[in-house]
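Notes to accompany the following structure.
Nothing fancy with the numbering, it's 1 onward along the sequence. The model shown is predicted, which means the values in this text are computed figures rather than measured ones.
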Amino acid sequence: MSNPPHGGVLKDLLARDAPIRDELFAESETLKDLILTERQLCDLELILSGGFSPLEGFLTEKDYNGVVENLRLADGTLFSIPINLDVSKEEIEASQIKPGARITLRDFRDDAPLAIITVEDVYRPDKEKEAKLVFRGDPEHPAIKYLNNTVKEFYVGGKLQAINRLNHYDYVGLRNTPAELRSQFSKLGWKRVVAFQTRNPMHRAHRELTVRAARSRQANVLIHPVVGLTKPGDIDHFTRVRVYQAILPRYPNGMALLSLLPLAMRMAGDREAVWHAIIRKNHGTTHFIVGRDHAGPGKNSKGEEFYGPYDAQDLVEKYKDELGIEVVPFQMMTYLPDADEYAPKDEVPEGTKTLDISGTELRKRLKLGLHIPEWFSYPEVVKVLRESHPPRVNQGFTIFLTGYHNSGKDAIARALQVTLNQQGGRSISLLLGETVRAELSAELGFSREDRHKNIQRIAFVAAELTRSGAGVIAAPIAPYDDSRRAAKETIEKAGNFFLVHVATPLEHAERTDRKGVYERARSGEIKGFTGVDDVYETPTNADIVVDLTKTDVRTSVHEIILLLEAQGFFGN
């Protein structure tokens with residue numbers, strides 16, 4: 001028989017007396033330190049506040065193995081997600097991390113000391129086992145990609161002593177620790193509270209399902225959205241919080257409360273649902289809504305779901321007595337236009353007219369500025385979404401041209417800039433390879449590493465301009481596929497990216513080179529020259545391919561303009 005659950009008793013490490021924390025601060029200044037990443041900060045904040053109770057620190061190897069293999073800490077307490085402090089070999093050596101050492105953990109944003117960890121052990125995890133047992137092993141799972149590509153090779157286990165709360169400068173009044181939320185529930189006289197987990201904007205259907213859940217349980221509603229790390233591509237938390245604030249007055253007075261959760265999601269499906277239930281129990285709620293495919297990352301490249309639609313509900317139901325929180329199954333809601341109301345899909349009689357708008361359809365309507373009906377979402381919510389996600393005609397973009405030196409990419413880039421300036425509607429910036437080399441990357445050479453750095457600098461500038469609604473034309477040689485893909489990933493976080501391969505053959509580029517650059521490269525005067533003694537990796541994923549031995553600059557520019565027009569970047 002397993003040990004009993006921790007019963008909701010908070011391990012609130014922030015509750016220590018100020019003099020003790022002052023002593024810890026003084027000690028922290030004398031210790032070696034470790035700068036935490038964004039995900040580590042999210043985990044640290046919830047350990048310190050009691051959100052991850054019964055944890056009092058990062059998992060030791062014994063606890064880690066128990067959680068990975070059996071969803072239990074070494075003492076038998078239910079806990080479904082491993083919470084690890086990952087470090088590199090270099091960090092271990094620099095900070096002298098070893099059993100018995102005390103290390104100051106600092107915020108990467110402002111270098112503030114947040115806690116001291118007393119190291120219990122340093123161990124190398126079995127990442128393959130963690131990937132298989134915690135995330136089911138699909139290499140396309142975003143958490144497994146993160147585990148393999150970002151998480152460092154060693155884990156450090158040990159208990160924490162809190163020095164400071166993390167400094168937040170956004171929505172400070174909505175960031176409540178578990179103890180603060182429990183106190184607020186007590187002050188309001190709330191005995192039964194239904195927690196609603198979300199990482200997406202809320203619309204009418206969400207309001208209806210949470211109200212139904214509250215009425216059926218005679219409870220109040222805690223809207224408890226995640227504002228730490230979520231799935232790549234999710235809507236930013238600033239927009240989402242404005243949506244939650246806009247929808248809150250739509251609840252009956254006194255029914256609902258909004259509080260933010262600084263959680264770094266793993267998208268671990270059923271295991272994550274159990275974890276979310278533990279976290280909500282720690283925050284003082286009595287009920288928790290578990291949705292269809294709860295905390296699932298969607299589908300892989302084969303179109304297969306990473307988790308079954310009801311895996312999460314089944315696993316939480318399995319542990320419901322131990323969790324000490326009642327599960328409320330998420331009901332898919334649909335709109336009945338004849339009755340002007342929402343109802344659970346499984347309760348709608350066959351043949352009844354229903355209306356729904358998918359997430360894909362909503363994004364399309366936002367992108368193109370199309371009507372979003374009030375039966376789907378409230379006008380105040382739509383207003384927030386349109387402010388943060390303007391239609392394509394108001395969005396920025398980057399046209400990224402790649403090709404050999406003297407392929408004609410610079411000529412196309414200059415002509416495209418003139419054409420877009422004539423079109424009007426947004427500012428246009430031109431980032432030619434030689435210009436960037438002179439202004440941003442003068443100290444870089446032409447090794448593969450330096451070429452990669454140069455392209456990522458271009459990507460950073462292009463992303464910031466794209467984010468602000470500008471049109472960017474970048475025209476480096478960019479010979480390596482991994483550099484181009486990294487640039488695309490950076491820019492697409494800010495806006496729209498289109499790759500144009502100027503596929504003019506090397507022979508033509510060299511034959512028409514009036515400056516004699518190729519000749520100097522052939523003679524050995526220039527080293528590492530693309531097409532001579534360095535490779536050009538031909539793009540296989542270009543949006544447009546042009547060859548100036550078969551067409552001309554004007555036609556190439558027109559093809560790019562047609563692509564932008566088809567994508568909705570020009571007004572009617």
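- Side chain of R271 to main chain of S80: a donor-acceptor pair is present (N/O by atom type, distance under 3.5 Å, no hydrogens or angles).
- Between F397 and F497, the distance separating the two ring centers is not shorter than 6.0 angstrom.
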>> What verdict does the side chain to side chain donor-acceptor pair (under 3.5 Å) test give for H141 and R136, after you've listed the backbone C-alpha separation in whole Å, the side-chain angles of each residue and the deciding distance to 0.1 Å?
In response: CA-CA 9 Å; H141 194 299; R136 307 228 182 148; over 6 Å; no

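- For H206 and Y244, the gap between ring centers reaches or exceeds 6.0 Å.
- Under the 6.0 Å cut-off for aromatic ring centres, Y64 and Y123 qualify, their centroids lying closer than that.
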>> Run S301 and E140 through side chain to side chain donor-acceptor pair (under 3.5 Å) and show every step you take.
In response: CA-CA 8 Å; S301 60; E140 294 186 32; 2.5 Å; yes

> Step by step, would you call E91 with K152 a salt bridge (Lys or Arg N to Asp or Glu O under 4.0 Å)?
Replying inline: CA-CA 10 Å; E91 287 174 321; K152 298 159 195 169; 3.2 Å; yes

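- By the 4.0 Å N-to-carboxylate-O rule, R72 lies too far from D63 to be salt-bridged with it.
- For the residue pair Q40/D86, the side-chain donor-acceptor check at 3.5 Å is satisfied.
- For the residue pair A413 and L430, the shortest heavy atom distance occurs at CB-CD1, 3.7 Å.
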>> Set out, in order, the CA-CA distance, both residues' side-chain angles and the distance that settles side chain to side chain donor-acceptor pair (under 3.5 Å) for N496 and R392, then state yes or no.
In response: CA-CA 9 Å; N496 306 279; R392 274 283 174 88; 3.2 Å; yes

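- N300 places a side-chain N or O within 3.5 Å of a backbone atom of E304 that can act as its donor or acceptor partner.
- A heavy-atom distance below 4.5 Å is found between the side chains of W275 and R266.
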>> Run H294 and Y310 through ring pair (Phe, Tyr, Trp, His ring centres under 6.0 Å) and show every step you take.
In response: CA-CA 8 Å; H294 185 101; Y310 302 107; over 10 Å; no

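- Remark: R124 fails to qualify as a cation-pi partner of Y155 under the 6.0 Å distance and 45° angle criteria applied to the six-membered ring.
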> After noting the C-alpha distance and the side-chain angles of R39 and E45, does the key distance pass the salt bridge (Lys or Arg N to Asp or Glu O under 4.0 Å) rule?
Replying inline: CA-CA 10 Å; R39 185 162 99 165; E45 183 168 11; over 6 Å; no

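- A distance of 9.0 Å separates CG in L263 from CG in L229, rounded to the nearest 0.5 Å.
- Looking only at distances, a side-chain donor or acceptor of T466 sits under 3.5 Å from a matching main-chain atom of A462.
- In summary, the side chains of R21 and Q161 do not present any donor paired with an acceptor at a separation below 3.5 Å, with no hydrogens or angles considered.
- Exactly one of K132, K62, K129 qualifies for a salt bridge (charged side-chain N to carboxylate O under 4.0 Å, His left out) with E69. That residue is K129.
- Heavy atoms from other residues, nucleotides or ligands lying under 6.0 Å from CD of E38 number 12 at most.
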>> Set out, in order, the CA-CA distance, both residues' side-chain angles and the distance that settles salt bridge (Lys or Arg N to Asp or Glu O under 4.0 Å) for R485 and D482, then state yes or no.
In response: CA-CA 5 Å; R485 290 181 183 275; D482 59 345; over 6 Å; no

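- Ring centroids of F400 and F498 are separated by 6.0 Å or more, keeping the two rings apart.
- The environment of K127 atom NZ is dense: over 12 non-hydrogen atoms of other residues, nucleotides or ligands sit within 6.0 angstrom.
- For the atom pair CD1 of I144 and CG of N149, the computed distance is 11.0 Å after rounding to the nearest 0.5 Å.
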